[in-house]
Amino acid sequence: MGFALGNNSNTILRTVNEPLSRIVRVAIELTDVDFSVVEGIRTIGTQRRYVAQGKSWTLESDHLTGDAVDIYPWVDGKSSFHDEHFKRVAKAMFEASHELNIPVKWGGFWLNPKEDKPEDKPKPHWALWT
């Protein structure tokens, strides 16, 4: 343990609402798997592009209001896409949420309902929002 957010993660956290930022900052101190914040607030232009690319399928994302972050575990010097690493980061997020008494929801893994079949492995896209 003993992880700290990097400069990029800290810059991204400045784009989201303060309670969510606090949760992430406490979670990095609680986690046993390092993680990076890879996205916070988005412009509507970015959201439209993501929908067109199939990375998202809604124009009503909580990212548009700064109420969501995307986080990836960071293991052995790179982003990890292993379910177990995501679960361990999620545990730290929920522990931080509880400690701060700020409710969050876990976006978890996303399937694109237009393209993916239920038996497909979900894409490792992870978001929290208050």
Side-chain angles (χ1 to χ4, degrees):
M1 294 201 241
F3 299 113
L5 294 170
N7 290 336
N8 193 47
S9 292
N10 280 310
T11 298
I12 292 168
L13 280 182
R14 287 194 276 284
T15 73
V16 301
N17 73 52
E18 194 271 334
L20 181 56
S21 176
R22 286 177 46 211
I23 290 169
V24 174
R25 292 178 193 287
V26 170
I28 194 69
E29 297 173 3
L30 299 174
T31 188
D32 64 351
V33 173
D34 197 6
F35 63 81
S36 294
V37 180
V38 296
E39 192 159 19
I41 199 166
R42 293 181 191 149
T43 65
I44 188 64
T46 297
Q47 189 65 28
R48 283 189 180 112
R49 187 174 72 246
Y50 284 179
V51 169
Q53 295 170 341
K55 294 180 180 179
S56 181
W57 41 94
T58 181
L59 292 177
E60 298 179 14
S61 171
D62 288 312
H63 283 280
L64 296 172
T65 57
D67 292 322
V69 292
D70 294 342
I71 296 172
Y72 282 94
W74 190 253
V75 178
D76 297 328
K78 60 186 178 217
S79 291
S80 169
F81 299 99
H82 295 286
D83 293 352
E84 181 57 32
H85 295 147
F86 278 96
K87 288 176 187 175
R88 289 163 56 191
V89 170
K91 180 178 183 276
M93 291 294 185
F94 284 121
E95 286 175 1
S97 168
H98 179 74
E99 182 177 307
L100 294 169
N101 197 29
I102 302 170
V104 293
K105 295 180 184 177
W106 178 36
F109 294 99
W110 296 93
L111 286 174
N112 183 335
K114 295 178 183 175
E115 298 176 8
D116 298 321
K117 299 178 200 79
E119 64 271 14
D120 289 340
K121 182 170 177 54
K123 293 172 176 62
H125 177 86
W126 201 73
L128 290 172
W129 61 94
T130 57

> Can you confirm if the aromatic rings of Phe81 and Phe86 lie within a centre distance of less than 6.0 Å?
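Between Phe86 and Phe81, the centre distance exceeds or equals 6.0 Å.
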
> Give the C-alpha distance, both sets of side-chain angles, the deciding distance and a yes or no for side chain to side chain contact (heavy atoms under 4.5 Å, CB included) between Thr46 and His63.
CA-CA 10 Å; Thr46 297; His63 283 280; over 6 Å; no

> Which pair of heavy atoms, one from Ala27 and one from Ala96, lies closest together, and at what distance?
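Closest pair (atom of Ala27, atom of Ala96, distance): N-CB, 3.7 Å.
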
> Would you find a donor on one side and an acceptor on the other, under 3.5 Å apart, between the side chain of Thr15 and the backbone of Ile41?
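Present.
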
> With a 4.0 Å cut-off, would you call Asp67 and Lys105 a salt bridge?
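Answer for the salt bridge query: no.
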
> Just so I know, are the side chains of Thr31 and Arg88 near enough to count as touching, which here means a heavy-atom distance under 4.5 Å?
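Side chain of Thr31 against side chain of Arg88, heavy atoms only: no contact under 4.5 Å found.
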
> As an exercise, state the distance from CZ of Arg14 to OG of Ser9, rounded to the nearest 0.5 Å.
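Those atoms lie 10.5 Å apart.
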
> So do Ser79 and Trp74 actually touch side chain to side chain, heavy atoms under 4.5 Å?
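They are in contact (side-chain heavy atoms under 4.5 Å apart), so the answer is yes.
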
> Nearest 0.5 angstrom please: Asp32 CG to His85 NE2, how far?
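If I round to the nearest 0.5 Å, the distance is 9.0 Å.
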
> Quickly, which of Val26, Leu13, Ile12 forms a side-chain contact (heavy atoms from CB on, under 4.5 Å) with Ser21? Name it, please.
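Per the side-chain contact (heavy atoms from CB on, under 4.5 Å) rule, the option paired with Ser21 is Leu13, out of Val26, Leu13, Ile12.
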
> Taking the side chain as C-beta and beyond, is there a heavy-atom pair between Leu30 and Glu99 under 4.5 Å?
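They are in contact (side-chain heavy atoms under 4.5 Å apart), so the answer is yes.
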
> Any idea which heavy atoms bring Gly40 and Val16 closest together, and the distance?
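Closest heavy-atom pair between Gly40 and Val16: CA-CG1, 3.6 Å.
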
> Hey, what do you get for CD1 (Ile102) to CG (Leu20), rounding to the nearest 0.5 Å?
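Spacing of CD1 (Ile102) from CG (Leu20) equals 8.5 Å.
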
> Report yes or no: does Thr58 contribute a side-chain atom to a donor-acceptor pair with the main-chain N or O of Glu60 at less than 3.5 Å?
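At least one qualifying donor-acceptor pair exists.
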
> In Å and rounded to the nearest 0.5 Å, what is the CZ to CD distance from Arg25 to Glu18?
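Spacing of CZ (Arg25) from CD (Glu18) equals 9.0 Å.
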
> Check whether any side-chain heavy atom of His82 sits under 4.5 Å from a side-chain heavy atom of Val75, and report yes or no.
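Answer no - side chains too far apart.
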
> Do Val37 and Asn10 have side chains that get closer than 4.5 Å, going by heavy atoms?
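Not touching, per the 4.5 Å side-chain cut-off.
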
> How far apart are the C-alpha atoms of Asp70 and Arg42, what are their side-chain angles, what is the distance that settles it, and do they pass the side chain to side chain contact (heavy atoms under 4.5 Å, CB included) test?
CA-CA 11 Å; Asp70 294 342; Arg42 293 181 191 149; 3.1 Å; yes

> With a 4.5 Å cut-off on side-chain heavy-atom distances among I, L, V, M, F, W and Y, is there a chain of contacts connecting Val69 to Tyr50?
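No.
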
> Heavy atoms, side chains only, cut-off 4.5 Å: are Met93 and Val24 in contact?
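They are in side-chain contact.
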
> Passes side chain to side chain contact (heavy atoms under 4.5 Å, CB included), Asp34 versus Ile28? Steps please.
CA-CA 7 Å; Asp34 197 6; Ile28 194 69; 3.5 Å; yes

> When you measure from the side chain of Thr65 to the backbone N and O of Asp62, does any donor-acceptor pair fall under 3.5 Å?
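Yes; judged by distance alone, with no hydrogens or angles, the pair exists.
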
